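Basis for what follows: all heavy atoms, side chains included, without hydrogens, waters or symmetry-related copies. A quick note: this is a predicted structure, and the numbers were derived from the prediction, not measured. In what follows, every chain begins at residue 1, and chains take the letters A, B, ... in the order their sequences are listed.
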Amino acid sequence: MQRIILHMDLDSFYASIEEKRKPEIAGKPVVICVFSGRTADSGAVATANYKARELGIKSGMPIMLARKRANSETVFLAYDIEFYREVSDRIMDLIETECDILEQASIDEAYMDVSLKAGSFENAARIAERIKEIIREQEGLTCSIGIGPNKLIAKMAGKMKKPDGLTIVREREVAAFMEKMPIEKIHGIGKKTAELLNDLDIKTADDLAKSSLLILEQRLGKNKARLMQDKARGIDDSPVEQRVAQQISRMKTLAEDSDDIETIYSTMRAMSPDIRKKIQKKQATFRTVSIITIDSKLETQTRSETISQTDDVELAMAAARSLLSKWLDENKGRKLRRVGIRVSNLEYGRKQKSLGDFL
DNA sequence: CGACGTGTAAC
DNA sequence: CCTTTTACACGTCG
């Protein structure tokens with residue numbers, strides 16, 4: 001049963017939306033920033049448009065560094081996630097009808113299984129063109145699309161031609177497509193794994209595919225070793241499926257490093273309405289509460305506690321406070337830079353037990 | 001096995 | 001100089 005999978009990626013999404021809403025900045029380098037609020041320019045770059053990328057500004061980079069690379073016409077904007085989410089939701093609704101199954105992979109990406117609806121790669125290409133047209137007409141945005149026999153190939157194909165690209169890799173073209181691929185460009189192989197493989201003199205997908213499974217297993221464990229070799233061969237059986245959130249979390253950088261429970265807890269409290277809104281919107285309940293701590297040295301830790309299934313965020317906050325208090329006790333002398341709160345073990349559609357159920 | 005904590009990856 | 005959010009795998013412990 002041959003599958004046909006499409007991957008859609010909206011081109012420099014945040015920056016493109018901002019250019020639409022502020023026509024006066026169109027054509028200039030645009031940098032969308034996540035300001036942490038600590039100093040005027042502390043924070044990181046979320047997205048840069050193509051003009052800004054030409055200046056060497058890339059996502060993930062500290063804003064300070066982006067400022068140094070910017071020229072006089074470069075525009076820096078604070079990111080507005082609520083607005084971007086609205087646009088994203090509208091686009092996902094638009095394209096949902098064009099496929100059999102839609103899996104939203106992030107705010108600006110989606111996988112679509114079009115095996116039945118298209119039936120052939122030629123028809124899948126027509127669907128892709130239609131999706132591009134719909135997004136251009138309805139939202140004034142461009143996207144890049146990859147088509148392949150699985151999610152991995154679709155995703156990597158889409159990267160070949162950007163922006164506004166369309167790339168098709170058929171089953172019989174997979175081997176040639178992967179062959180010379182540097183391992184760090186394989187989706188799912190990050191910095192750590194690439195370094196580890198490099199130490200074994202594995203530099204291309206072909207090297208990885210032909211490497212000794214035994215040696216890989218020693219370094220990566222059985223599962224990951226097999227997974228990596230499959231990727232190198234362009235093999236990926238994971239289905240396109242509608243997903244529901246498994247967890248909801250919020251993080252915030254403190255105004256300054258602190259070990260004072262009231263200071264830190266008030267920052268956590270400030271995030272609770274966000275969590276509450278999401279829980280309500282999703283009609284979800286949770287069972288596990290975690291805090292995430294990032295100290296002055298940027299070391300991350302988590303502490304969690306399982307309580308009985310509830311939708312009451314106040315219960316989560318109480319648990320969070322006691323977890324925080326414990327952390328501070330166990331980490332005397334350390335100060336926190338950022339904190340986060342997370343609820344997980346989510347359940348949907350099932351009302352949590354209310355008082356009435358016991359009477 | 002469930003709970004908990006860490007590491008890796010991607011956006 | 002260092003953001004935010006989510007997912008998942010794996011090891012450990014009881």
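- Using a 4.0 Å heavy-atom cutoff across all strands shown, Thr300(A) reaches no nucleic acid atom at all.
- The distance from atom NZ of Lys151(A) to atom P of dA10(B) is 14 Å, rounded to the nearest whole Å.
- Between Lys117(A) and Asp100(A) there is no salt bridge, since no side-chain N of the basic residue sits under 4.0 Å from a carboxylate O of the acidic one.
- Closest approach to the Glu109(A) side chain among dC11(B), dA7(C), dA3(B) is made by dC11(B) (side chain taken as heavy atoms from C-beta onward).
- Taking every side-chain heavy atom of Pro62(A) into account, dC2(C) is the closest of dT5(C), dC11(B), dC2(C).
- Listed nucleotides dT8(B), dG5(B), dT6(C) differ in distance to Ser304(A); the shortest reach to its side chain belongs to dG5(B).
- Distances from the side chain of Lys224(A) to the nucleotides dT8(B), dA7(C), dG5(B) place dT8(B) closest.
- Ile189(A) comes within contact range of the sugar-phosphate backbone alone, with a heavy-atom separation under 4.0 Å but no base atom that close.
- At the heavy-atom level, Arg287(A) lies under 4.0 Å from the strands shown only through sugar-phosphate atoms.
- In this structure, Lys159(A) places its NZ atom 8 Å from P of dA10(B), rounding to the nearest Å.
- Between the C1' atom of dC11(B) and the CD atom of Gln104(A) lies a distance of 12 Å, rounded to the nearest Å.
- A close approach under 4.0 Å does occur between a side-chain nitrogen or oxygen of Thr306(A) and OP1 or OP2 of dC4(B).
- Nearest nucleotide to the His187(A) side chain, out of dC10(C), dA7(C), dA10(B): dA10(B).
- Put simply, CD on Glu103(A) is 14 Å from C1' on dC11(B), counting in whole angstrom units.
- Residue Arg342(A) is classed as having no contact, given no heavy-atom separation below 4.0 Å to the nucleic acid.
- The side chain of Lys231(A) places no N or O atom within less than 4.0 Å of a non-bridging phosphate oxygen (OP1 or OP2) of dA9(B).
- No side-chain donor from either of Asp206(A) and Thr204(A) sits under 3.5 Å from a side-chain acceptor of the other.
- Under the side-chain hydrogen bond (donor to acceptor under 3.5 Å, both in side chains) criterion, the residue pairs touching residues 157-168 of chain A are Asp9(A)-Lys162(A), Lys132(A)-Asp164(A), with sequence neighbours excluded.
- Distance, Arg69(A) CZ to dC1(C) P: 14 Å, rounded to whole Å.
- A salt bridge does not link Arg85(A) to Asp108(A): none of the charged nitrogens lies less than 4.0 Å from a carboxylate oxygen.
- Ion pairing between a basic and an acidic side chain is recognised when a charged N comes within 4.0 Å of a carboxylate O; Lys231(A) and Asp236(A) show no such pairing.
- The listed nucleotides are dC8(C), dC2(C), dC10(C); the one nearest the side chain of Gln246(A) is dC8(C).
- If you check the side chains of Asn49(A) and Ser16(A), you find no donor sitting under 3.5 Å from an acceptor.
- For Thr288(A), taking side-chain heavy atoms from C-beta onward, the closest of the listed nucleotides dC4(B), dA7(C), dT6(B) is dC4(B).
- The 5' end of DNA chain C is approached more closely, in terms of each residue's nearest nucleotide, by Met271(A) than by the other of Met271(A) and Asn223(A).
- Nearest nucleotide to the side chain of Ser42(A), out of dA10(B), dC2(C), dG5(B): dC2(C).
- Heavy-atom distances to DNA chain C give each of Lys278(A) and Leu298(A) a nearest nucleotide, and the one nearer the 5′ end belongs to Leu298(A).
- Residue Arg243(A) contributes atom CZ, which lies 15 Å from atom P of dA10(B) at whole-angstrom precision.
- Here the nucleotide nearest the side chain of Thr302(A), chosen from dT5(C), dA10(B), dG5(B), is dG5(B).
- Between the P atom of dC1(C) and the CE atom of Met61(A) lies a distance of 14 Å, rounded to the nearest Å.
- We find that CD1 of Ile248(A) is positioned 15 Å from C1' of dT4(C), with the value rounded to whole Å.
- Contacts of Lys68(A) with the nucleic acid, taken as non-hydrogen atoms under 4.0 Å apart, are absent.
- Gln301(A) has a side-chain polar atom (N or O) that falls below the 4.0 Å cut-off from OP1 or OP2 of dT6(B).
- Residue Ala245(A) is classed as a sugar-phosphate contact, given heavy-atom separations below 4.0 Å to backbone atoms only.
- For the OP1/OP2 pair of dT6(C) and a distance below 4.0 Å, the side-chain nitrogens and oxygens of Ser249(A) include at least one atom meeting the criterion.
- Picking from dT5(C), dA9(B), dC11(B) the nucleotide with the shortest atom distance to the side chain of Lys192(A) gives dA9(B).
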Full working for side-chain contact (heavy atoms from CB on, under 4.5 Å) between Ile294(A) and Glu299(A): CA-CA 5 Å; Ile294(A) 297 170; Glu299(A) 293 197 8; over 6 Å; no

